[in-house]
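Only a predicted model underlies this, so the values are computations on that prediction, with no experimental measurement involved. Residue numbers begin at 1 in each chain, while the letters A, B, ... track the order of the sequences.
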2 protein chains.
Amino acid sequence: MVTIKDVARLSGVSIKTVSRVVNNLAEISPETRKKVQQAILELGYQPNTTARNLVNGQTNTVGVIIPHSADYIFTHPFFTQVLQGIAEELSANNFNLLLHLAHDKAPYASLYSQRKVDGLILMSIPIGDPNLQGLEENGVPCVCTCRISETNNSTSWVDADFAGGVEQAIEHLISLRHRRIALLAGPMSLVSVRLRALGYRNALQKHGLPAADGYILEGDFTSESGHALAAKAMKDPNPPSALICGDDMMAFGAMQALKELGYGVPEDVSVIGFDDISLARFSSPPLTTIRQDTYEKGRKAAETLLAFMRDKQNATPRQIMLETSLITRNSTASAKN
Amino acid sequence: MVTIKDVARLSGVSIKTVSRVVNNLAEISPETRKKVQQAILELGYQPNTTARNLVNGQTNTVGVIIPHSADYIFTHPFFTQVLQGIAEELSANNFNLLLHLAHDKAPYASLYSQRKVDGLILMSIPIGDPNLQGLEENGVPCVCTCRISETNNSTSWVDADFAGGVEQAIEHLISLRHRRIALLAGPMSLVSVRLRALGYRNALQKHGLPAADGYILEGDFTSESGHALAAKAMKDPNPPSALICGDDMMAFGAMQALKELGYGVPEDVSVIGFDDISLARFSSPPLTTIRQDTYEKGRKAAETLLAFMRDKQNATPRQIMLETSLITRNSTASAKN
DNA sequence: ACGTTTACTGACAACGTTGTCATTAAATTA
DNA sequence: TAATTTAATGACAACGTTGTCAGTAAACGT
């Protein structure tokens with residue numbers, strides 16, 4: 001390995017002078033600079049990041065934490081886009097991205113205390129995760145891409161307005177004269193899912209419609225689960241005429257189940273998804289869905305974290321809610337009767 | 001920050017002894033060990049990874065390189081599953097995963113020469129990438145998740161048998177009496193795409209069918225591109241009765257286009273995808289597709305790389321081809337005439 | 001001509017850990 | 001009893017870089 005010493009020897013200066021050239025510090029005479037640069041080129045010298053990190057006391061690395069329990073997260077286009085937003089923002093700021101699968105043997109808190117990273121971005125942390133509290137107490141810079149409780153405001157997060165999104169969807173359905181609307185929700189252990197249910201209840205109440213609890217079904221964000229829940233919903237003696245799904249994957253599964261049961265979409269049943277993943281345009285029928293800007297979610301989370309790490313003293317929790325918008329396609333139509 | 005010195009002071013031993021306890025080295029008297037462990041617990045000491053890496057001359061980190069040019073890669077379920085395979089294998093071996101977006105300002109070769117990683121996994125590297133050659137010359141341990149040329153065998157890779165996969169698909173279509181089969185391919189700059197075309201030509205030739213070059217259309221792995229190419233293919237004066245798509249996303253787009261043009265799938269036109277992403281089961285109709293085990297691809301790539309890094313001396317390139325299998329669903333049926 | 005500033009450079013310590021080697025005391029052997 | 005092995009521990013250098021501070025020579029001011 002070529003070190004700064006080798007460069008110093010070849011160019012006949014001290015290691016400190018080489019360091020100055022490499023880091024563009026202070027005044028260096030043009031001849032010296034040239035000489036050193038020449039040697040660097042000749043030897044192909046590259047500074048050793050580890051050594052730098054040790055003296056600088058930082059790593060220029062951000063850890064992105066994925067809860068290992070949530071297996072579906074990897075098959076979910078939503079996840080990848082958030083990750084892309086994070087990755088590009090970090091890359092633009094010359095930060096490294098350490099992708100970490102959280103599980104019991106590798107708790108994510110140690111990433112910081114072992115100085116592998118300077119800060120953390122937490123993806124999809126379930127409610128009441130005990131690790132999280134420890135982070136805050138130790139002043140670890142961190143940002144969540146999801147709310148971690150309905151009330152907590154000591155943690156920074158960037159998240160979509162799930163309640164508002166579902167309300168938009170229900171307004172749309174009601175304008176199409178639907179009155180029996182079911183919610184095929186994700187796992188209730190996630191705040192985002194609870195907020196969707198909240199929006200659902202609020203909107204129905206606003207229009208004097210009963211929010212029958214049997215109309216809220218709990219699943220897990222996979223197509224399989226959407227498929228199963230739709231079938232279950234339609235078995236109701238008074239089956240819904242519209243389904244709002246926790247995400248687009250569930251919506252695809254739901255539409256498939258409806259077809260298998262002989263229901264036309266949207267003639268018999270309207271279906272609305274959540275996310276607007278790229279495939280939503282290409283399902284049959286193309287899916288009406290509540291769009292959230294997942295890329296921006298990731299980008300903003302990274303941006304927020306970078307700001308924190310730059311100014312750890314004045315860091316106060318920041319909470320950013322991103323607007324959703326309803327994308328109307330062909331999976332929704334007027335109610336039959 | 002709590003350092004090994006603090007632990008040494010509190011427990012009244014030398015730093016070296018603390019180090020021995022932490023790393024479970026040599027013989028330490030039970031009393032000393034207990035004393036030190038007590039101090040570690042009391043202070044909440046965690047070893048500093050950067051300092052360790054510096055003296056050990058390694059990072060226990062693997063870089064996963066994503067070509068930034070390939071924007072579609074992030075929206076592609078395929079990518080995430082390979083990544084999951086890599087992530088889990090690395091995690092199981094206590095290695096860190098550094099996710100790196102390759103672009104001009106951040107060439108991936110420097111990740112190794114700057115000692116940020118001990119080895120590299122290259123995702124979806126285009127043919128003739130100049131960085132790659134440099135890696136090999138410098139003895140950087142690296143494995144590709146795709147072949148980087150038809151002939152090169154100095155690089156290690158793990159990849160699916162694309163040619164064989166397409167041949168399986170064509171056998172299936174021919175058994176359904178299809179004779180006009182088009183290939184909606186991905187970008188020809190990728191070897192995997194060229195191999196699919198090779199399989200296509202071979203299989204047709206084997207059955208004495210003409211491999212009309214107009215029947216191979218080049219796209220880019222997105223649904224949009226599948227949509228556009230299908231429309232184009234059907235404009236042929238002698239339109240195909242079956243479409244083999246470069247991946248499932250393209251197949252979804254293609255099916256949508258066919259429906260818009262009034263063709264029934266599979267009554268009028270059969271469609272076959274590639275990958276078998278989780279959604280393939282839930283399209284309408286459910287998609288017949290060539291399955292590749294993307295998770296295993298990632299896992300094996302990581303496994304191979306880990307083996308290399310353990311034994312850099314005897315490292316010879318290893319090339320692993322994974323079998324594909326045809327999953328028959330409802331998007332294929334007998335040819336009409 | 002002499003003091004003072006300025007521009008440039010280098011010696012050395014430090015970051016937190018592990019490796020090498022020496023040291024001590026106890027245990028074993030002759 | 002003396003010599004030798006063994007077990008347990010510590011002093012110090014090293015990893016490759018940056019920060020601190022001091023040093024030298026030239027340029028400037030009076």
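- Contacts of A/Asn23 with the nucleic acid, taken as non-hydrogen atoms under 4.0 Å apart, involve only primed sugar atoms and P, OP1 or OP2.
- Other residues, nucleotides and ligands place no more than 12 heavy atoms under 6.0 Å from the NZ atom of B/Lys5.
- Using a distance-only test at 3.5 Å, with no hydrogens or angles considered, a donor-acceptor pair links the side chain of A/Thr49 to the main chain of B/Gln114.
- One atom, CZ of A/Arg52, and another, C1' of D/dC15, lie 16 Å apart when rounded to the nearest Å.
- The nearest whole Å value for the distance from the NZ atom in B/Lys16 to the P atom in D/dA13 is 15 Å.
- A donor-acceptor pair is defined here as one N or O able to donate and one able to accept, closer than 3.5 Å; no such pair exists between the side chain of B/Thr32 and the backbone of B/Ile28.
- Comparing the axis of the opening five pairs of the helix from C/dA1-D/dT30 to C/dA30-D/dT1 with that of the closing five pairs yields an angle of 50°, rounded to 10°.
- No donor-acceptor contact under 3.5 Å links the side chain of A/Lys5 to the base of D/dG16.
- We find that CD1 of A/Ile4 is positioned 14 Å from C1' of D/dC15, with the value rounded to whole Å.
- Looking at which nucleotide of DNA chain C each of A/Leu54 and B/Ser19 is closest to, the 5′-most match is held by A/Leu54.
- A side-chain hydrogen bond (donor to acceptor under 3.5 Å, both in side chains) with A/Tyr295 is found for one member of A/Glu88, A/Gln84, A/Glu89 and no other, namely A/Glu88.
- Using a 4.0 Å heavy-atom criterion, one finds that B/Asn53 contacts no nucleic acid atom at all.
- Side-chain contact, B/Asn53 with A/Thr50: no donor N or O sits under 3.5 Å from an acceptor N or O.
- Atom CD in B/Gln58 sits roughly 13 Å away from atom C1' in D/dC15 (whole-Å rounding).
- With no hydrogens or angles considered, no side-chain donor-acceptor pair links A/Ser110 and A/Ser113 at under 3.5 Å.
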Check nucleotides 4-9 of chain C against the protein and report each pair of N or O atoms closer than 3.5 Å, with its distance, or say if there are none.
from	atom 1	to	atom 2	distance (Å)
C/dT9	OP1	A/Ser29	OG	3.1
C/dT9	OP1	A/Thr32	OG1	2.2
C/dT9	OP2	A/Ser29	N	3.1

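- Other residues, nucleotides and ligands contribute at most 12 non-hydrogen atoms within 6.0 Å of the CZ atom of B/Arg318.
- When A/Phe79, A/Phe78, A/Phe74 are each tested for a ring-ring contact (aromatic ring centres under 6.0 Å, His included) with A/His76, only one passes: A/Phe78.
- What separates CG of A/Asn48 from P of D/dA14 is a distance of 18 Å, to the nearest Å.
- Separating the CZ atom of A/Arg9 from the C1' atom of D/dG16 is a distance of 13 Å, rounded to the nearest angstrom.
- Using a 4.0 Å cut-off between charged side-chain N and carboxylate O, A/Glu296 and A/Arg299 make a salt bridge.
- One can place CG of A/Leu43 at 15 Å from C1' of D/dG16, the figure rounded to the nearest angstrom.
- Remark: P of C/dA13 and CD1 of A/Ile15 are 12 Å apart, rounded to the nearest angstrom.
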